[in-house]
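Read the numbers this way: they start at 1 and go in the same order the structure lists the ligands and their atoms. What's counted below: heavy atoms across the whole structure, side chains too, no hydrogens, waters or symmetry copies.
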Amino acid sequence: MSALMPTYAPADLAFVKGEGVYLYTADERRFLDFCAGIAVNCMGHAHPHLVEALKSQAEKLWHVSNLYVIPGQVELAERLAAASFADRVFFSNSGAEALEGAIKIARKYQKDNGHPERYRVIGCDSAFHGRTLATIAAAGQEKLLEGFGPVVDGFDHVAFGNLNEMRAAVTDETAAILVEPIQGEGGLRAADAAYLQGLRTMCDEFGILLMFDEVQCGMGRTGKLFAHEWADIIPDVVATAKGIGGGFPLGAILTTEAAAVLHVGNHGTTYGGNPLAMAVGGAVLDEILKDGFLENVVALGVKLHAGLSGLIAKYPSVFAETRGLGLMQGIKLNESIVNRDFKAELEGEGLLVAPAGDNVLRLLPPLIITEANIAEAMEKFEAVAARHASS
Ligand SMILES: *Cc1c(COP(=O)(O)O)cnc(C)c1O
């Protein structure tokens, strides 16, 4: 038995090299990567601009801690703010850490505004916010909480997409609402614009914060920098991570000026926003903000959706429905087929995808794929689907 704690059950695949949208094993088998490290490698593998940013920073300075000024932080925060709703940015190292900070912001915002009794956060069923004690409580799913009681206090849950249930759950103790605009792990459920707009109105009415978890759906994945932009609303707080570092560990909390309640001594992190992370994060943003980049993601998303819809039409005994937006899409398998088994069969064809809840397979390709890559992925899906349809 290995000394590694067995928290994962990885596929029997180890990659030694990545190039663009392909990964390679030591024996030179090639895989088309529609998993992208779970929506992380937004620029694919070994992107020259990202490699150059990391290399040149690595030769100068890695880490100094937040006891000293890190000019790269100021610059990246200003660029993120200029490109989004945000006025302020805090850099973390991961998604869960960004969410922890967001939850702290909700509590402190209410206390600073004369409502220390408001400390509860309402989230949605089948949400995922990370694996820390507060973020598993925020998600509220039994499978995440099992064995780790007592559950951190202060979280309520309602059905995703249901405004009436959300409104009924708001009490005098509510500080904030926390929602993924598109649920990732939970099965690729996309909230519609009217729901997100309704949440905005509700939060204004009750004086509570609207917080979005865009760890997975943010950073260009849906064809906007942030998925909530499709609903044309301004949140108070957004937590993001995954794509923001393109594979380098990085997360961020973005807030409006009013919700920027963390001051000296309130919050911190040793690594957060270190020079290496800032260099790579800046390079990722260079690419995402290039003219036409996000428009291309939208166009590719339409192609991917069309491809998946075609599969469903051709193999109705295998696939149930397609979900999602942009390059964050899912395909739900019929009950007779287990998504993890189908995923393993796709690996046999040289295609990597990620499983999700509700028997869904997630397609989260690098944002730099081409139409030819989509066609290639659909062929591989077809090869596996045809076997199931005829069996
Ligand atoms: C991945 C994810 C997280 C947790 O991020 P980590 O970096 O794994 O801590 C939180 N929320 C959502 C929506 C995610 O997809």
Can you confirm, on distance only, whether ligand 1 has an N/O atom lying under 3.5 Å from any N/O atom belonging to [X]?
{"X": "Glu97", "value": "no"}
{"X": "Ala241", "value": "no"}
{"X": "Gly95", "value": "yes"}

Task: Under-4.0 Å protein heavy-atom contact, atom 6 (P) of ligand 1 - done: yes
- [ ] Among all protein heavy atoms, pick out the one at the shortest distance from atom 1 (C) of ligand 1; state its residue, atom name and that distance to 0.1 Å.
- [x] Lys242 NZ, 1.5 Å
Open item on the list: Looking only at the aromatic ring of each residue, does the gap between the centers of His45 and Phe15 stay below 6.0 angstrom?
Closed with: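 No - the distance between ring centres of Phe15 and His45 does not fall below the 6.0 Å cut-off.
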TODO: Compute the centroid of each ring, for His388 and then for Tyr315, and state whether the two points are separated by less than 6.0 Å.
DONE: no
TODO: Specify whether Phe381 and Phe319 have parallel, tilted or perpendicular ring planes, treating 30° as the upper limit for parallel and 60° as the lower limit for perpendicular.
DONE: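 Rings of Phe381 and Phe319: tilted, as their planes differ by 30° to 60°.
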Task: Aromatic ring pairing His49/His47, orientation class (parallel under 30°, perpendicular over 60°, tilted between) - done: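 Taking His47 first and then His49, their aromatic rings stand perpendicular (interplane angle over 60°).
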Open item on the list: Any salt bridge linking Glu117 with Lys111? Criterion: basic side-chain nitrogen under 4.0 Å from a carboxylate oxygen.
Closed with: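 No salt bridge links Glu117 with Lys111.
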- [ ] Decide, yes or no, whether a salt bridge links Asp236 with Arg200 under the criterion of side-chain N to carboxylate O below 4.0 Å.
- [x]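 So Asp236 pairs with Arg200 through a salt bridge.
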Check each atom of ligand 1 against the heavy atoms of [X] and keep those under 4.0 Å away; list them by number with element.
{"X": "His129", "value": "10 (C), 11 (N)"}
{"X": "Ser94", "value": "7 (O), 9 (O)"}
{"X": "Ala96", "value": "4 (C), 5 (O), 6 (P), 9 (O)"}
{"X": "Glu180", "value": "13 (C)"}

Open item on the list: I'd like to know if the side chain of Asn359 and the backbone of Leu333 have a donor-acceptor N/O pair within less than 3.5 Å.
Closed with: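 Between the backbone of Leu333 and the side chain of Asn359 there is a qualifying donor-acceptor contact (under 3.5 Å).
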TODO: Could you pull out, from Val40, Asp213, Ile38, the option with a heavy atom nearest to atom 11 (N) of ligand 1?
DONE: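 Minimum heavy-atom distance to atom 11 (N) of ligand 1 goes to Asp213.
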